[in-house]
There are 2 protein chains.
Amino acid sequence: MEGNNLAKIQDVAKLAGVSTATVSRVLNNPESVKNETSRRVMSAIKSLDYTPNRVAKSLSSKAQDITVGVIFPDIATFYFAELYKGMSREARENNINILLHELEEGANAREETLMNALHFLKKSNVSGILLSSRYIPKEYDQAIKRLGIPLVMVLSSHEAGSIPAFKIDDKRAAFDSVAYLVSRGHQRIGIISAITNNHNSGELRHQGFLQGIQYYNLPLSPEQIVYGKMRYDDGYKAMTELLSNHHKTKITAVFAATDEMAIGAIRCVIDSGLKVPEDISIIGYDNLSISDMTIPKLTTISQPFYEIGKESMKHMIEIIKEPDKGQKSGNHFLAYQLVERESVKELT
Amino acid sequence: MEGNNLAKIQDVAKLAGVSTATVSRVLNNPESVKNETSRRVMSAIKSLDYTPNRVAKSLSSKAQDITVGVIFPDIATFYFAELYKGMSREARENNINILLHELEEGANAREETLMNALHFLKKSNVSGILLSSRYIPKEYDQAIKRLGIPLVMVLSSHEAGSIPAFKIDDKRAAFDSVAYLVSRGHQRIGIISAITNNHNSGELRHQGFLQGIQYYNLPLSPEQIVYGKMRYDDGYKAMTELLSNHHKTKITAVFAATDEMAIGAIRCVIDSGLKVPEDISIIGYDNLSISDMTIPKLTTISQPFYEIGKESMKHMIEIIKEPDKGQKSGNHFLAYQLVERESVKELT
DNA sequence: TTGTATGCGTTATCAC
DNA sequence: GTGATAACGCATACAA
């Protein structure tokens with residue numbers, strides 16, 4: 001009928017036999033409109049398939065549509081979806097847009113890439129940047145200050161702690177993992193640690209593990225400590241090492257710093273003819289959606305990715321909307337849980 | 001001094017002693033302004049620290065920097081990442097933005113939600129929309145025409161075929177799966193079919209399977225056919241059914257229409273005390289990254305998600321940049337592969 | 001080459 | 001309760 005243009009508020013008004021003002025009211029302030037009129041307008045809206053134009057809306061109501069940039073190293077990371085959903089939900093509720101920027105993969109000069117991303121977003125006029133899974137050494141402080149855009153760290157933190165960060169208390173969670181293993185009768189525990197140079201969570205988990213070992217006065221030889229880079233294959237390889245020393249260490253359980261590595265480790269154990277958890281118990285870290293699909297299902301530390309995403313975005317919005325209030329820097333720890341499934345056996 | 005209000009074009013105009021139109025011109029069409037005037041305006045702009053209001057700009061002039069909308073039902077779907085990476089890569093190379101819009105979850109009125117998303121994107125001034133994983137019944141034709149924005153389907157197709165679609169040839173791939181199973185000595189094959197009302201790939205795979213059965217003249221009783229909704233749990237449940245009729249059907253292999261269902265099915269088989277592939281072979285569909293992490297690793301049809309994303313975006317960009325050329329409608333099939341791993345046993 | 005006036009789709013301020 | 005109508009900030013057809 002009417003070309004290819006969407007219905008506007010005028011069309012609705014005309015069809016409903018009211019003024020545009022009234023239509024606007026039923027949409028934004030329903031109580032101030034008589035019930036009967038409201039019904040007429042609603043039906044017109046439905047029949048015209050009308051939805052308000054966001055652009056015009058923000059122009060009129062002064063409220064600029066703000067957009068915040070989200071920097072993420074790798075969309076293919078399993079927890080990305082949940083994290084993003086949390087951010088997205090919060091953003092949508094506040095009528096703000098997200099500009100997603102994935103760090104270019106396979107970059108050698110990590111630093112440059114991050115800086116590029118920052119600049120790119122700056123030029124895209126974002127009002128704030130959510131920076132995920134990257135550790136920020138203090139060399140960046142200067143550059144970040146110059147950016148003049150508020151930053152919030154997600155799942156990682158700033159070396160000097162002057163940038164607000166949302167995550168769980170990795171050190172404590174790792175400690176709790178050890179405590180759990182101990183409560184299930186395990187004494188000789190190995191660790192597949194995640195050490196990377198651009199992400200400090202791995203290190204914190206490592207420290208937490210060590211504290212647990214110390215607190216419970218458990219034996220620990222170098223052969224029980226092994227490293228990987230967070231992914232499935234790394235876990236597999238790391239477990240191979242652990243297994244090669246098994247005759248010496250006699251470990252009965254393994255703490256893996258990421259679920260992916262835990263799953264790789266499970267596979268490795270199976271391939272070597274042993275069983276999980278009968279021969280070796282394994283506890284993971286993340287509670288990815290896939291850890292419920294493995295065989296055996298993974299016992300693991302559950303990170304509230306959705307909440308973390310939501311809260312970080314929420315805080316960012318506060319910063320943007322009330323710049324005076326000043327951002328509360330430092331780490332904001334969200335609650336985690338230990339999810340008990342099938343990969344840890346109780347020793348009797 | 002200036003409170004917290006940004007300078008507007010009028011302020012610049014006044015300070016430079018020109019009209020707003022002129023200011024607008026030096027910004028958008030510099031050649032049409034006398035050099036000297038231009039300089040005056042520029043200096044005014046600089047001294048006022050003026051930057052155009054993007055919102056007002058878009059409201060006024062429909063056109064702006066190109067951005068294409070991407071509608072996706074659920075970010076948490078395992079293949080989303082690869083698909084998006086393909087799109088993103090192509091987009092970035094062409095300097096165009098992506099506006100990602102996840103369909104609100106748990107919606108009952110699916111149609112309305114999709115329409116909303118379309119409108120939302122339209123009002124966000126996108127130049128084109130990539131619509132993923134949704135089947136478009138022809139009832140939508142009217143509304144889509146009225147939208148006046150080019151659409152490209154990704155991983156699914158349009159009922160009438162008048163909208164270009166990028167995907168693999170599901171029917172043929174399913175047929176090939178059967179052929180593969182047959183070549184490995186299987187004769188009695190069950191299917192866990194994916195039937196949903198908003199996605200026609202499941203149906204196509206079902207048809208392809210049936211064709212295979214017919215072509216190779218294999219036995220097929222109703223007890224060999226079972227349905228699920230694509231996810232892990234559905235696969236588990238479906239396999240339970242299949243197993244309950246196992247004494248009758250004696251199936252030695254199962255074709256699962258999605259990897260997630262295949263993985264759920266594997267778990268189900270294990271839980272029932274049988275083994276994969278020793279007792280029952282299972283072949284999946286998708287080649288998700290996790291199908292390489294399961295035990296046993298999944299033999300499956302590999303969809304080139306990255307390429308599909310890239311090609312669909314590429315085509316969209318062509319449409320946008322050369323509207324005259326006209327979009328080539330119909331299905332564009334990309335190459336798939338059968339990836340042989342561990343979940344199918346050769347019968348001797 | 002530059003200025004005037006109007007439209008873009010909503011919201012908000014008045015009146016009635 | 002509801003209806004005109006003036007902003008909102010910019011682009012642009014039309015004049016000059």
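A note on names: the letters A, B, ... follow the listed sequences, proteins ahead of strands, and every chain is numbered from 1. These numbers come from the heavy atoms of this one structure, side chains and all, not from hydrogens, waters or symmetry mates. Everything numeric in this text was worked out from a predicted model, so none of it was measured.
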> Grab the CD1-P distance between A:I45 and C:dG9 for me, whole Å please.
16 Å
> Can you confirm whether B:K314 is buried at NZ, in the sense that more than 12 heavy atoms of other residues, nucleotides or ligands lie under 6.0 Å from that atom?
no
> Quick one: does A:M87's side chain get under 4.5 Å of A:V154's, heavy atoms only?
yes
> If you compare every side-chain N and O of B:S60 against the phosphate oxygens of D:dG9 (OP1, OP2), does one of them come in below 4.0 Å?
no
> Which nucleotide in the list C:dT10, D:dC10, D:dT5 gets nearest to the side chain of A:T20?
D:dT5
> Can you measure A:Q10 atom CD to D:dG3 atom C1' for me and round it to whole angstrom units?
14 Å
> What is the distance from CD1 of B:I9 to P of D:dC8, rounded to the nearest Å?
15 Å
> What parts of residues 24-36 of chain A reach DNA chain C, counting only heavy atoms under 4.0 Å away?
A:S24, A:R25, A:N28
> Picking from D:dA4, C:dG3, D:dC10, which would you name as closest to the side chain of A:S19?
D:dA4
> Give the nucleotide from the list D:dC10, C:dG9, D:dT5 with an atom nearest to the side chain of A:A21.
D:dT5
> Measure the shortest side-chain to side-chain distance between B:L118 and B:I71 over non-hydrogen atoms and say whether it is less than 4.5 angstrom.
yes
> CZ of B:R40 versus P of C:dT1: gap in Å, rounded?
15 Å
> Check the distance between D:dG9's C1' and A:K57's NZ and give it to me in whole angstrom.
19 Å
> With side-chain hydrogen bond (donor to acceptor under 3.5 Å, both in side chains) as the criterion, how do A:T51 and B:N116 come out once you've worked through the C-alpha distance, each side chain's angles and the decisive distance to 0.1 Å?
CA-CA 8 Å; A:T51 48; B:N116 274 352; 5.5 Å; no
> Is there a side-chain contact between B:S127 and B:I149 in this structure, where contact means two heavy atoms from C-beta onward sitting under 4.5 Å apart?
no
> Side-chain N or O of A:T37 less than 4.0 angstrom from OP1 or OP2 on D:dT2?
yes
> Take atom NZ of B:K14 and atom P of D:dG9, then tell me their distance rounded to the nearest Å.
13 Å
> Can you tell me the distance, in whole Å, between the CG atom of B:L59 and the C1' atom of D:dA11?
11 Å
> Verify the ring-centre separation between A:F166 and A:H315: is it less than 6.0 angstrom?
yes
> Nearest 0.5 Å, please: how far is CG in B:L130 from CZ in B:F72?
11.0 Å
> So, does A:K8 get its side chain near the phosphate of C:dG9, meaning an N or O under 4.0 Å from OP1 or OP2?
yes
